[in-house]
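A short write-up of the structure that comes next.
One is the number of the first residue; the rest follow in order along the sequence.
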Amino acid sequence: MSRRASITLAAVLAVIATAIGIALSYVIHWFPVQASTQARNTDLLYHVLVIATIPIFVLVVTVILYCVWQFRMKPGEELKDGPPIHGNTRLEVIWTALPAVLLLGMVGYSFVILHKNEEKPKGVPEVQIDVYAQQFFWSYEYPKAITGGAPLKSTHLYIPENYTVYFNLRSRDVIHAFWVPAFRLQEDVVPGITTHWRVTPDRLGSYPVVCNLLCGVGHSLMRSTVHVVPPAQFQAWVRSQQSTASSGAGGASASTRTGIASGGASG
């Protein structure tokens, strides 16, 4: 096969391989369901990076395989040296400058997407929820801005759909990581530091919360569930939890008073 024909064949195969790679990146569902606006932004970033990097990967592999095919050593040439060649300055500048420009472009686009994920959306109501990590469970506190009274502590995480939720993350012992795969967001939870995490859930449902840093022997058990519910249902849940907490506190207070009175009488 002539040199021109072999280069043409390699180029055609490279184009086919690139098309197949990009198609597979869309056809195969690599990630969980999208449940937030940040998830949609992150998945878009993923597809842009895939479209930019697959052709580069295919180009590099094609050049390597082409050189192995066309310039491999033949029997009887084991002791022969290759032909002397001189570097091509123009080619070296091109293959240094183009990847640098492409890399800077991808870094810049990634920064834009990640910065957008952290911004507070305009015109969207926001609630704040405190998250506490502890070996080996998650607990949550809803402030008085949500409850209208005393803060509500719970091991259940409910958040309203289409509201921006601003999480304040704190650890009571070691480093953890607050990760909701359906939201495509993760933040380290570090002892002595309050970190933050903002998400705008836009899909009703229940999604796993995972600690994504090895935090001890019970790390695999440190899981929870976030329930995305309509705003009215969220408020109803908060009121029901307040009622339950008030009933429990009232029962405990009455029991304590009875015990004190009983103890005084017996004395």
Self-check item: Sequence-distant partners of Glu126, salt bridge (charged side-chain N to carboxylate O under 4.0 Å, His left out), two or more places apart
Solution: Arg198

Self-check item: Partner set under salt bridge (charged side-chain N to carboxylate O under 4.0 Å, His left out) for Arg239, not counting sequence neighbours
Solution: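 Applying salt bridge (charged side-chain N to carboxylate O under 4.0 Å, His left out) to Arg239 gives none.
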
Sub-4.5 Å side-chain heavy-atom contact between [X] and [Y]:
X: Met222; Y: His176; value: yes
X: Met106; Y: Leu49; value: yes
X: Trp197; Y: Val180; value: yes
X: Asp188; Y: Leu213; value: yes
X: Thr147; Y: Pro143; value: no
X: Trp138; Y: Val131; value: yes
X: Val228; Y: Asp202; value: no
X: Ser139; Y: Gln134; value: no

Quiz item: Should we count CZ of Phe111 as having more than 12 external heavy atoms under 6.0 Å?
Solution: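 No, because the 6.0 Å sphere around CZ of Phe111 holds 12 heavy atoms or fewer from other groups.
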
Quiz prompt | Greater than 12 external heavy atoms within 6.0 Å of His196's NE2 | solution = yes

Exercise. Take Tyr142 and Leu157 through the side chain to side chain contact (heavy atoms under 4.5 Å, CB included) test and state the conclusion after the steps.
Key: CA-CA 9 Å; Tyr142 301 81; Leu157 179 57; 3.8 Å; yes

side-chain contact (heavy atoms from CB on, under 4.5 Å) against [X], all qualifying residues, sequence neighbours excluded:
X: Thr89; answer: Val93
X: Asn41; answer: Ile113, Lys116, Asn117
X: Thr18; answer: Ile22, Ile54, Pro55, Val58
X: Trp95; answer: Leu91, Glu92

Exercise. Only counting residues at least two apart or in another chain, list the ones meeting ring pair (Phe, Tyr, Trp, His ring centres under 6.0 Å) with His29.
Key: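 Counting only residues at least two positions away or on another chain, His29 forms no ring pair (Phe, Tyr, Trp, His ring centres under 6.0 Å).
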
Quiz item: What residues, two or more places apart in sequence or in another chain, satisfy ring pair (Phe, Tyr, Trp, His ring centres under 6.0 Å) together with Phe137?
Solution: none

Checking the side chain of [X] only, and the main-chain atoms of [Y] only, is there a donor and an acceptor separated by less than 3.5 Å?
X: Asn88; Y: Arg90; value: yes
X: Gln128; Y: Val165; value: no
X: Arg40; Y: Thr37; value: no

Quiz prompt | Selection residues 203-231 - residue pairs positive for ring-ring contact (aromatic ring centres under 6.0 Å, His included), sequence neighbours left out | solution = Tyr158-His227

Exercise. Only pairs at least two apart or in different chains count here, so list each ring-ring contact (aromatic ring centres under 6.0 Å, His included) that has a residue in residues 4-27.
Key: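 For residues 4-27: Tyr26-His47.
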
Between [X] and [Y], is there a shared hydrophobic cluster once you connect ILVMFWY residues whose side-chain heavy atoms come closer than 4.5 Å?
X: Leu169; Y: Val190; result: no
X: Val50; Y: Ile16; result: yes
X: Leu102; Y: Leu45; result: yes
X: Tyr46; Y: Leu185; result: no
X: Val12; Y: Ile20; result: yes

Exercise. Sequence neighbours left out, what pairs pass side chain to side chain donor-acceptor pair (under 3.5 Å) with at least one residue falling in residues 49-66?
Key: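 Passing the test, one end in residues 49-66: Ser6-Tyr66.
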
Closest heavy-atom pair and its distance - [X], [Y]:
X: Thr164; Y: Pro121; value: OG1-CD, 3.4 Å
X: Ala182; Y: Ala39; value: O-CB, 3.5 Å
X: Pro181; Y: Pro32; value: CB-CG, 3.8 Å
X: Gln135; Y: Gly216; value: NE2-CA, 4.3 Å
X: Gly149; Y: Gln242; value: N-NE2, 4.5 Å

Self-check item: Passing candidate, ring pair (Phe, Tyr, Trp, His ring centres under 6.0 Å) with Phe167, options Tyr140, Phe178, Phe183
Solution: Phe178

Separation between [atom1] of [X] and [atom2] of [Y], rounded to the nearest 0.5 Å:
X: Asp130; Y: Lys153; atom1: CG; atom2: NZ; answer: 10.0 Å
X: Leu9; Y: Arg4; atom1: CG; atom2: CZ; answer: 15.0 Å
X: Glu119; Y: Gln38; atom1: CD; atom2: CD; answer: 10.5 Å
X: Thr155; Y: Tyr132; atom1: OG1; atom2: OH; answer: 15.0 Å

Quiz item: If we ignore angles and hydrogens, is there a donor and acceptor under 3.5 Å between the side chains of Thr225 and Ser206?
Solution: no

Self-check item: Evaluation steps, side chain to side chain contact (heavy atoms under 4.5 Å, CB included), between Glu141 and Ile129
Solution: CA-CA 6 Å; Glu141 182 172 315; Ile129 298 175; over 6 Å; no

Quiz item: Which is it for Val48 and Tyr109 under the side chain to side chain contact (heavy atoms under 4.5 Å, CB included) test, yes or no, and what are the steps along the way?
Solution: CA-CA 9 Å; Val48 169; Tyr109 182 66; 3.9 Å; yes

Practice problem: Just grab all the salt bridge (Lys or Arg N to Asp or Glu O under 4.0 Å) pairs involving residues 173-186, residues at least two apart or on different chains. | Solution: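 Residue pairs with at least one partner in residues 173-186: Asp43-Arg184.
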
